[in-house]
Each structure stands twice: as structure tokens, then as C-alpha cells.
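As C-alpha cells, the structure follows; a few thoughts come after it.
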Amino acid sequence: MNVRPDPAQLGAPDDGIAKGDLLLDVKNVSLSFGGVKAITDISFDVRKGEIRAIIGPNGAGKTSMLNVINGFYTPQRGSIVFRGEERRAMKPHHAVRQGIARTFQNVALFKGMSTLDNIMAGRSVKMKRGLGWQMLWHGPALAEEIEHREKVEEIIDFLEIQHIRKTPVGKLPYGLQKRVELGRALAMEPSLLLLDEPMAGMNLEEKEDMSRFIIDVNQQRGTTIALIEHDMGVVMDLSDRVVVLDYGKKIADGAPDAVKTNQQVIDAYLGVAH
Ligand SMILES: Nc1ncnc2c1ncn2[C@@H]1O[C@H](COP(=O)(O)OP(=O)(O)O)[C@@H](O)[C@H]1O
Ligand SMILES: [Mg+2]
């Protein structure tokens, strides 16, 4: 039998919110680019401890929604409540400081840098002392450096990527790059992890591995996850609740089984005329 480590030891942040309580509340958000309405009046929430899937056909507004949540885009209307604090818009620095980390639809890593250094880069948001301090190699900076290294090593073990720790990520197969990117996001010890198509372009085995890591992150580290995914099988297996977008609007929201049999959702996926 597997011995599961105590989540508290794996650095799950204590954000004072109980499991099942509201962590993120997206309220009536609308976002347009010039004449293009990417998101129209969308509301949904994410509860602490859950895996929340965001699905919908291409161009539905899923990535735009993640970009609003982590402050890349400022919506024209609506607001975001994260950990009880309401904002018209999240700014990237708010998002990071408050514990929102993400991965991207197209892997965004430093390709020439090693796995270890990429994950360490994710850790930099946690570093109190600037580079100058670290170069001086004084006591406090050294202690902090050691602590960061330990956290990064723990993530490398957790994701089973010891064998590629020194490899430049540009040389890695795509599936492993995605895993390293997950590692970089985990290095921020987020309370909310946003994953934009973490399994896109993967073969079946890679998908199964990534699914397992997502479940382990959620269960062992206690991290709340919102993920965009196209593979319906994966979505049904992984998620507690699903929100469905189509042409920038929310068309369904609920348990995977209910969403799967919803006629509007079926029509959207079959491309029935609107
Ligand atoms: N930066 C942008 N500038 C202009 N249009 C954009 C931008 N980002 C997204 N869009 C448009 O918004 C709509 C939703 O896109 P997106 O959020 O990427 O959808 P999804 O991730 O569901 O495929 C699309 O019509 C897309 O072309
Ligand atoms: Mg997208």
C-alpha cells in the first residue's frame, strides 16, 4: 500500500478557508477585444479543495477566463472575489501574491534552462531577499536559499522528474515539458492552480500520467484546481464540477454526469447552429 505523506508537510497553504467553502467567485464578468465579445456576463465559483473543469469548444472564452482570473486581462464588467476580497479586476501581482499560479495552453518555459532552474524560477515569487542578497551569500540569504532548494527538490520527487533535473527543457518530449511547467507552478505553493489544457497534444500514456499528478496535487497537497481540458473522458474522471462555455457564454454548470447529458452542451460540441 502506498504511504501518503501528510499534506501539511507538502506545503499546502493555510489560507484560513475550510474545504468546500468559496475560494473564488467570478461575478458577471464580461470581456471584449474591440468588437469581439470573448466573455459575456459569466458567473461561476470555485470551492476550496475541488477540481473544477472549464470546458467548451474552441474560441468559447476559456483561456480568456483564466486570464481574467489571474489578472492578465481586466474585464469591462463584473468582479472577482478571491479569498473573500472583491476586486473589479485581479492584477497579476495580486494574483501571484494571493496564491494563484497557472500553466499555459502552449508551454511557457525557459527552453535553454534546466528542469531544476525552471522550477527554481517559479520559486522566485516566494523569495524575500533579492539577488544581491543571494550573491553576498550571507547567513539569512543562505538559509533562505536552502529552504527554497528543499521545496524544489520535494516537487521534483513528487513529479518523478529526478532523471531530467539537469536537462534543458527544450530537449524534453512535450509531455515532460508540461510536467515541468506544472512543477514551476507548484513551486509557488498556490492555493488556486489554473491549468490551461494540461493534456493537450499528449498521447494516452502521458495523459494518464498527468491525470494522476493532477489528482495527487489536489489530494496530497490540498491544492484547489481549475482546469481547461478538451478530453471529455479526462474531464469526467477528474473533476468535481464542470462549467461549460460556448461563444463566450455559460451554457451549463454542475456535476460531470449532469453536464454530459445536457442538451445544450451536446449541441455545442456537435456544432449545432446557434
Ligand atoms: N488578445 C486577444 N485579442 C483579440 N481577441 C482575442 C484575444 N484573446 C482571445 N480573443 C478572442 O476571444 C475569443 C475567445 O478566445 P479564447 O479565450 O482563447 O477561447 P478558448 O480558450 O475557449 O479557445 C476568441 O474569439 C478569440 O479570438
Ligand atoms: Mg484556450
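Remember, it's 1-based here, ligands and their atoms both numbered in the order they're listed. Residue numbers run from 1 in the order of the sequence given. None of these values were measured; they are calculated from a predicted model.
- Among protein heavy atoms, atom 18 (O) of ligand 1 sits closest to Thr63 CB, 3.8 Å.
- For atom 26 (C) of ligand 1, the closest heavy atom belonging to the protein is Val36 CG1, 4.8 Å.
- Near Ala60, the atoms of ligand 1 lying under 4.0 angstrom from a non-hydrogen atom of the residue are 19 (O), 20 (P), 22 (O).
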Checklist entry - Run the side-chain hydrogen bond (donor to acceptor under 3.5 Å, both in side chains) check on Gln105 and Lys62 step by step: do they pass? => result CA-CA 11 Å; Gln105 191 166 348; Lys62 306 179 298 295; over 6 Å; no
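- The protein non-hydrogen atom at the shortest distance from atom 12 (O) of ligand 1 is Ala38 CB, 3.4 Å.
- One finds the CZ atom of Arg184 at 11.5 Å from the OG1 atom of Thr115 (value rounded to the nearest 0.5 Å).
- Residues Val243 and Leu22 do not share a hydrophobic cluster, clusters being chains of Ile/Leu/Val/Met/Phe/Trp/Tyr side chains in contact below 4.5 Å.
- Contacts between Tyr73 and ligand 1 below 4.0 angstrom, taking non-hydrogen atoms only, involve the side chain exclusively.
- Near Asn58, the atoms of ligand 1 lying under 4.0 angstrom from a non-hydrogen atom of the residue are 23 (O).
- At the top of the distance list for atom 15 (O) of ligand 1, counting protein heavy atoms only, stands Ser64 OG, 3.9 Å.
- Side chain to side chain, Thr63 and Asp196 meet the donor-acceptor criterion of an N or O pair below 3.5 Å.
- The shortest heavy-atom distance from Gly61 to ligand 1 is under 4.0 Å.
- At a cut-off of 3.5 Å, with distance as the only test, no side-chain donor of Gln162 or Glu153 sits close to an acceptor on the other residue.
- At a cut-off of 2.8 Å, Ser64 is not counted among the residues with an N, O or S atom near the Mg ion (ligand 2).
- Among the atoms of Thr63, an N, O or S atom falls under 2.8 Å of the Mg ion (ligand 2).
- Taking atom 7 (C) of ligand 1 as the reference point, the nearest protein heavy-atom neighbour is Phe33 CE1, 3.4 Å.
- Asn118 approaches Met113 most closely through the heavy-atom pair ND2-O, 3.2 Å.
- Transitive grouping of hydrophobic side chains (ILVMFWY, heavy atoms separated by less than 4.5 Å) keeps Val81 and Tyr73 in distinct clusters.
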Item to check | side-chain hydrogen bond (donor to acceptor under 3.5 Å, both in side chains) between Gln76 and Ser30, worked out | outcome: CA-CA 6 Å; Gln76 281 84 9; Ser30 293; over 6 Å; no
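- Protein heavy atom nearest atom 23 (O) of ligand 1, with residue, atom name and distance: Gly59 N, 2.8 Å.
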